[in-house]
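This report concerns only the one structure given below.
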Amino acid sequence: MDYFSIINGEFTGKGFKTHIGSYILEHNAYQEAMEAVKKYRDSRAFYSAWGLEYAFFKDREKFTPYLEKFIKDIPDIRHESVRREYGKILYTLLQSGQFVPSLEEAGILAEAVAGWATEEKAKIANKVWCFDILYLLSEQIDWCREILNDLMEKEMLSPSPGLSHRIKKIKALMGQE
């Protein structure tokens, strides 16, 4: 059974993240999963991102050879649920120092993530990751602080409890509270 047979199969639901993530780890199917994320616009893209996130956190070193492709793919991610999984991975890569972007890469990532955060359909969980990523990238990209402040101000007009907490935390890190 190959990777595409799994995501095109009928096994979904409870245990599927572990199932697909384990397959990615055991068969080194990172490339196939990343291809599926870009190829599909439905649940198969999400399942692939979900599996990648599982595999990434189980063994981050196995992910390293695919890091360049992962980073290059970020501006092309259109699926809202995939963005949450990719945002979680990107934040972890940046925060841990496993990936230190060049100035050019930081700019490209900041543009993509700012775009994700400003889309009308952006979900709260995605915004949280976007805000955290923009904060980390603000060390390299000056305009990240400005857009992050604008986004946080807008969200504080009617924040969810989780987003409100995250905004307060980021503002404290920025020396604003």
Side-chain angles (χ1 to χ4, degrees), residues 1-96 98-99 101 105 108-137 151 155 159-163 165-167:
M1 181 176 290
D2 71 347
Y3 179 79
F4 290 97
S5 297
I6 291 174
I7 62 167
N8 287 316
E10 295 187 23
F11 181 71
T12 60
K14 188 174 179 160
F16 189 64
K17 181 178 186 177
T18 304
H19 177 69
I20 197 164
S22 295
Y23 183 92
I24 290 168
L25 279 168
E26 292 166 16
H27 295 90
N28 204 31
Y30 294 89
Q31 183 78 25
E32 294 89 341
M34 288 180 196
E35 287 174 18
V37 164
K38 287 184 69 177
K39 179 179 180 180
Y40 299 111
R41 302 256 185 233
D42 56 18
S43 60
R44 292 172 294 185
F46 171 67
Y47 293 150
S48 295
W50 210 23
L52 280 168
E53 186 254 344
Y54 175 89
F56 172 79
F57 284 106
K58 280 290 185 185
D59 189 342
R60 288 174 31 185
E61 289 306 311
K62 279 190 167 182
F63 188 84
T64 302
Y66 305 96
L67 184 58
E68 185 177 333
K69 177 172 178 29
F70 175 81
I71 297 300
K72 277 186 182 174
D73 287 353
I74 285 178
D76 298 324
I77 302 301
R78 303 284 176 252
H79 194 290
E80 183 69 13
S81 295
V82 169
R83 289 176 176 173
R84 182 179 65 242
E85 305 306 319
Y86 268 52
K88 193 182 310 183
I89 294 170
L90 178 59
Y91 171 77
T92 303
L93 288 166
L94 292 168
Q95 193 271 335
S96 70
Q98 187 175 350
F99 171 66
E105 289 169 324
I108 291 167
L109 292 171
E111 273 188 48
V113 172
W116 295 357
T118 58
E119 283 192 7
E120 194 66 36
K121 65 180 180 178
K123 296 178 181 172
I124 298 300
N126 292 3
K127 288 180 183 182
V128 166
W129 291 116
C130 290
F131 289 6
D132 284 341
I133 292 165
L134 287 170
Y135 171 73
L136 292 176
L137 292 173
L151 289 168
E155 289 300 326
S160 69
L163 194 55
H165 174 74
R166 183 70 76 178
I167 288 170

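- Leu109 is listed as a side-chain neighbour of Ile74, based on a closest heavy-atom distance under 4.5 Å.
- Put simply, the side chain of Arg78 gets close to the backbone of Pro75: a donor and an acceptor are under 3.5 Å apart.
- Among all heavy-atom pairs drawn from Ile71 and Phe99, the shortest one is CD1-CE2, 3.7 Å.
- Nearest heavy atom pair, residue Ser48 against residue Ala36, reads OG-CB, 3.2 Å.
- Between Ile77 and Trp116, the closest side-chain pair of non-hydrogen atoms falls below 4.5 Å.
- For the pair Pro101/Ile108, no side-chain contact is recorded, criterion being any heavy-atom separation below 4.5 Å from C-beta on.
- Annotation: side chain of Phe131 is in contact with side chain of Leu151 (closest heavy-atom distance under 4.5 Å).
- You'll find the ring centres of Phe70 and Phe63 inside the 6.0 Å limit.
- The aromatic ring centres of Phe46 and Tyr40 sit 6.0 Å or more apart.
- For the atom pair OH of Tyr91 and SG of Cys130, the computed distance is 13.0 Å after rounding to the nearest 0.5 Å.
- A donor-acceptor pair under 3.5 Å is formed between the side chain of Lys62 and the backbone N or O of Leu25.
- Remark: Asp73 CG to Glu68 CD distance equals 10.5 Å, nearest 0.5 Å.
- For Lys72, the NZ atom sits in a loose shell: 12 or fewer heavy atoms of surrounding residues, nucleotides or ligands are nearer than 6.0 Å.
- Two residues are said to be in side-chain contact when any heavy atoms from C-beta on lie closer than 4.5 Å; Trp129 and Val113 fail this criterion.
- Comment: Lys127 engages Glu155 in a salt bridge, judged by a side-chain N to carboxylate O separation of less than 4.0 angstrom.
- Looking at every heavy atom in both residues, Tyr54 comes nearest to Gly21 through CD2-CA, 3.4 Å.
- Here the straight-line distance linking atom NE2 of His165 with atom OG of Ser160 works out to 11.0 Å at 0.5 Å rounding.
- A salt bridge does not link Arg84 with Glu80: every distance from a Lys NZ or Arg NE/NH1/NH2 to an Asp or Glu carboxylate oxygen is 4.0 Å or more.
- Closest approach of Ile89 to Glu53, counting heavy atoms only: CD1-CA, 3.7 Å.
- The number of heavy atoms from other shown groups lying within 6.0 Å of CD (Gln98) is above 12.
- How far CG of Leu90 is from CZ of Arg83: 13.0 Å, rounded to the nearest 0.5 Å.
- The shortest non-hydrogen separation linking Ala29 to Glu32 is CA-OE1, 3.0 Å.
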Go through the steps to decide whether Arg60 and Thr92 satisfy the test side chain to side chain donor-acceptor pair (under 3.5 Å), and finish with yes or no.
-> CA-CA 10 Å; Arg60 288 174 31 185; Thr92 303; 5.8 Å; no
* Give the C-alpha distance, both sets of side-chain angles, the deciding distance and a yes or no for side chain to side chain donor-acceptor pair (under 3.5 Å) between Tyr66 and Asn28. => CA-CA 10 Å; Tyr66 305 96; Asn28 204 31; 2.9 Å; yes
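- Counting only heavy atoms from C-beta outward, the side chains of Leu93 and Phe56 approach each other to under 4.5 Å.
- Residue Leu52 comes nearest to Tyr86 through the heavy atom pair CD1-OH, 3.6 Å, listed as atom of the first residue, atom of the second, then distance.
- With sequence neighbours excluded, no residue forms a salt bridge (Lys or Arg N to Asp or Glu O under 4.0 Å) with Lys123.
- A donor-acceptor pair under 3.5 Å links the side-chain atoms of Thr118 to the main chain of Gly115, judged by distance alone.
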